[in-house]
Amino acid sequence: MTPAPEHAAPRSLMAQLDTQPRVRAFLERAIASGRASHAYLFLGAPGSGKLDAAWALAQAIICDEGGCGACDACVRVARHTHPDVHYLAPESVTGYLIAQTRDLIDDVALAPIRARSKVYIVDRAEQLKADSANALLKTLEEPPQGVTFILLGTSAETILPTIVSRCQCVPFRMIAPEDAARAVERTCGAPLERCRMAVAVAGSPTRAVAFLKSASRQDARRRMLRAIDALPHADNLDILDAAKELVVAVKAPLDEVKSTQEAVLAENADFLSRGALKQLEDRNKRELNARERSGIMEVLASARSLLRDVLATLEGVPGGIVNEDAADIVERLAHATGPVGALAAVEAVSAAERAIARNVTPQLTFEVMLFDIRKALLCP
Ligand SMILES: [Zn+2]
């Protein structure tokens with residue numbers, strides 16, 4: 001198969017789901033027959049592409065052509081800036097807040113802003129606990145006309161049965177990283193080794209494609225790699241500066257989201273009620289927080305992938321490294337440390353991911369992680 005040229009015609013998100021052909025065929029049939037369910041539950045392990053599929057289905061529902069990939073609505077959904085496609089993730093460490101589900105139920109009752117329908121993507125549905133879930137059940141069973149819910153979870157056993165029974169379950173199979181990389185290659189035509197790196201950093205094929213298109217996200221990764229590269233010779237002030245720079249770099253990709261949000265607010269200021277505007281503003285704030293968090297997770301994944309390459313090099317694992325564009329950094333770090341140090345450095349990244357999940361500030365998380373990685377790399 002010849003790779004698509006760099007500036008190929010835009011493809012719909014559904015067409016990009018070629019790592020999950022059965023799911024894609026199922027969803028395409030449902031859309032084409034006009035008998036799409038009003039509540040889906042996508043089930044699969046992390047990395048199986050559930051979230052990509054959720055955005056693809058949202059695009060197919062919102063677009064008048066069933067997800068052409070090229071119209072204004074499709075572009076907005078692909079950029080996650082369509083005001084009628086809502087993405088939700090738990091806002092507390094213990095799961096969804098009751099206030100979150102209440103806001104959701106209120107929002108469901110409002111008319112769509114741009115499209116004829118609305119889509120709610122509810123990530124990590126296992127974190128809908130009894131109290132917050134119960135409020136949602138009636139809405140989930142009989143949502144207003146034109147509203148579709150897409151819930152995501154790892155397995156039906158971990159989700160409340162009252163939720164599972166109200167949804168159409170769609171199982172996802174696990175995708176091997178190499179298959180994911182090849183899917184990215186087919187979509188954007190980038191060299192396979194860049195696609196491998198993008199999958200390791202971004203986590204799924206669709207996100208990897210977006211990562212390869214985003215100069216600012218790639219810049220954030222490069223800053224993280226440079227910061228780690230410098231660690232064996234960095235003093236404390238260097239580390240504090242590097243952490244500060246990383247926070248700025250992670251926030252840079254949010255500028256586009258912010259300006260789109262402001263444009264949507266301005267367009268709708270005249271005809272939305274004050275309450276509806278307030279809700280839109282609140283949702284924008286949450287969206288920005290979620291985006292910032294996924295940006296942080298992405299630079300942490302970059303750090304993890306680099307340090308794994310160092311470990312693989314030290315242990316002589318066959319098959320080469322993932323970050324081929326940073327082979328010089330991997331080589332330098334492999335010289336500076338041993339397998340024990342590299343392993344401890346990877347553990348410092350895991351600790352940072354846990355800190356972010358506990359709402360520790362990005363600045364402090366990066367500082368602690370870089371100090372810990374330096375300590376790990378320098379230990380004999
Ligand atoms: Zn379209």
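Counting starts at 1 for both ligands and their atoms, in listed order. Because only heavy atoms are used, hydrogens play no part in the values below, and waters and symmetry mates are left out as well, while side chains stay in.
- Residues F172 and F42 bring their aromatic ring centres within 6.0 Å.
- With K118 as the partner, the side-chain contact (heavy atoms from CB on, under 4.5 Å) test is satisfied by one option alone out of I61, I113, L110: L110.
- Other residues, nucleotides and ligands place no more than 12 heavy atoms under 6.0 Å from the CZ atom of R22.
- The set of protein atoms (N, O or S) found at less than 2.8 Å from the Zn ion (ligand 1) reads C63 SG, C68 SG, C71 SG, C74 SG, by chain and number.
- Pairs of residues two or more places apart, or lying in two chains, that qualify as salt bridge (Lys or Arg N to Asp or Glu O under 4.0 Å) and include a residue from residues 135-146 are E141-R166.
- When each of R308, K375, R354 is checked for a salt bridge (charged side-chain N to carboxylate O under 4.0 Å, His left out) with E347, only R354 meets the rule.
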Exercise. Would N236 and R374 satisfy side chain to side chain contact (heavy atoms under 4.5 Å, CB included), going step by step from the backbone distance to the final call?
Worked result: CA-CA 10 Å; N236 294 353; R374 181 179 64 175; 2.8 Å; yes
